[in-house]
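These notes concern the structure reproduced below.
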Number of protein chains: 2
Amino acid sequence: MATRTGGAGAAPEANEALRAQIVRAADALYYSRGITAVGMDEVRSTAGVSLKRLYALFPGKESLILAVLRHRHGIWEQGVEAAVAAAGSPRGRVLAVFDFLAEWFTEESFRGCGFVNAFGEMGPGFPSIAQYVREHKEGFQARMAELVREAGLPEQLAPQLALLAEGAQTTAAILGTAEPAEHARAAAETLLDASDATAGARP
Amino acid sequence: MATRTGGAGAAPEANEALRAQIVRAADALYYSRGITAVGMDEVRSTAGVSLKRLYALFPGKESLILAVLRHRHGIWEQGVEAAVAAAGSPRGRVLAVFDFLAEWFTEESFRGCGFVNAFGEMGPGFPSIAQYVREHKEGFQARMAELVREAGLPEQLAPQLALLAEGAQTTAAILGTAEPAEHARAAAETLLDASDATAGARP
DNA sequence: TTGCGCGGGGAACGATCGTTCTCTATTGTA
DNA sequence: TACAATAGAGAACGATCGTTCCCCGCGCAA
């Protein structure tokens with residue numbers, strides 16, 4: 001009676017693989033077509049699992065959405081960190097965020113920040129989603145502050161640079177062009193130069 | 001037989017008043033709770049009209065959404081132009097946009113840019129809505145370029161300032177604070193100062 | 001071989017959506 | 001007063017959603 005061969009409680013590695021498969025499928029669908037427009041049945045058929053398994057792994061759609069956002073958060077952090085790591089100077093590490101954006105914007109599937117989209121669509125009525133999006137954005141602000149501090153730049157620069165990155169994502173999505181990444185990078189460089197000049201004026 | 005006392009084709013001024021009443025109600029509902037989450041029946045009861053009249057004035061939900069966005073576009077332009085007109089110097093007229101944002105962000109009902117929210121929610125699947133949002137943002141970019149030009153500033157500043165304004169709206173909405181307006185204004189001032197310094201270096 | 005329990009596929013359910021239709025009260029007119 | 005056309009109120013309809021349930025077939029233990 002103790003032999004549980006399947007279900008949500010056993011074979012943890014297989015369940016994790018299934019979870020990842022479902023989350024990847026749901027992420028692609030949600031991001032490209034919007035969350036409300038994609039039903040659980042389409043997630044099920046795209047991921048190739050049964051409805052029963054789907055609901056065994058995720059108690060409901062809200063839980064699946066949160067898993068998708070966590071997945072997207074990991075991808076975002078990987079992309080940012082890879083670009084930061086590829087940069088040479090501390091100043092370059094700050095600007096690397098905008099290189100990452102420039103690359104991202106040229107992807108065929110780019111459709112803005114998935115967190116902003118989810119917030120606008122599900123924010124009211126789903127506080128857990130709104131809160132997770134807030135945490136994601138706070139995390140980005142914190143990382144930016146870290147990079148600014150490590151470059152020896154004044155800390156008030158961090159939220160300003162984050163604003164540029166945020167605006168670039170939205171503008172690139174709506175206007176359908178990758179140019180905002182370059183505009184944001186140029187503005188960021190100006191802000192960095194100005195703070196260098198200010199610091200140099202009174203050492 | 002020619003006496004049409006009501007319907008969509010007669011009494012134009014009364015129909016315009018009704019249209020405005022419906023659009024105002026729908027705008028408040030859509031903005032606060034999301035477009036998909038609000039049904040036509042709730043718009044009908046909030047606006048206090050019959051379903052028949054509602055569908056006589058707007059052939060479908062998509063048409064109502066577009067009318068709401070047009071209405072919101074007018075409000076946005078009024079707010080920006082009022083702030084611009086209240087500013088003294090050409091430089092102040094450029095920065096006035098950020099004063100307007102600071103005011104807006106403190107409103108209780110503030111929930112980000114309604115156009116960005118609509119784009120994220122309805123962009124895929126409703127090309128007419130995506131296109132109108134694009135036109136709205138292009139209009140803002142154009143107005144910003146005009147203000148920059150009138151202030152005698154280099155034109156590449158315009159998209160950078162627009163990025164700051166865009167990012168401030170999104171960040172303020174998600175983080176739930178009005179601070180981004182000040183950050184954006186400070187960054188904008190730095191960009192303006194830097195371009196003045198550059199221009200002054202080689203007259 | 002024979003039960004038996006579990007998982008997969010999909011039907012089913014209740015709710016809600018956008019939209020249409022029906023019924024009735026009313027109002028203006030001859 | 002009688003008639004006709006209209007507008008309001010909401011029922012009704014088909015579609016779709018998230019979620020649950022049922023039934024069948026398969027694999028393992030005795």
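In the text below, chain A, chain B and the rest are named by the order of the sequence lines, each starting its count at 1.
When rounded to the nearest whole Å, the span between CG of A:D41 and P of C:dA11 equals 10 Å. Atom CG in A:L57 sits about 14 Å away from atom C1' in C:dG8, given to the nearest Å. One can place CE of A:M40 at 16 Å from P of D:dC21, the figure rounded to the nearest angstrom. The distance from atom CD1 of B:I65 to atom C1' of C:dG18 is 11 Å, rounded to the nearest whole Å. The distance from atom CZ of A:R44 to atom P of C:dG9 is 8 Å, rounded to the nearest whole Å. In this entry the distance linking OH of B:Y55 with P of C:dT22 reads 17 Å, nearest Å.
Between B:E146 and B:R143 there is a salt bridge, with a side-chain nitrogen of the basic residue lying less than 4.0 Å from a carboxylate oxygen of the acidic one.
Under a 3.5 Å cut-off, the side chain of B:S45 and the backbone N or O of B:E42 do form a donor-acceptor pair.
Applying the 4.0 Å criterion to OP1 and OP2 of D:dG8, one finds that B:R53 has a side-chain N or O inside that range. In this structure, A:K52 does not reach the C:dG8 phosphate: none of its side-chain N or O atoms is under 4.0 Å from OP1 or OP2.
Residue A:V43 is out of contact with every strand shown, counting any heavy-atom pair closer than 4.0 Å.
Comparing A:L51 and A:A37, the nucleotide of DNA chain D nearest to each residue sits closer to the 5' end for A:A37.
Picking from C:dG8, D:dT19, C:dT20 the nucleotide with the shortest atom distance to the side chain of A:S50 gives C:dG8.
In the displayed structure, A:E103 atom CD is contacted under 6.0 Å by at most 12 heavy atoms of other residues, nucleotides or ligands.
For the 3.5 Å distance criterion, the side chains of B:E121 and A:T36 fail to qualify, holding no donor opposite an acceptor.
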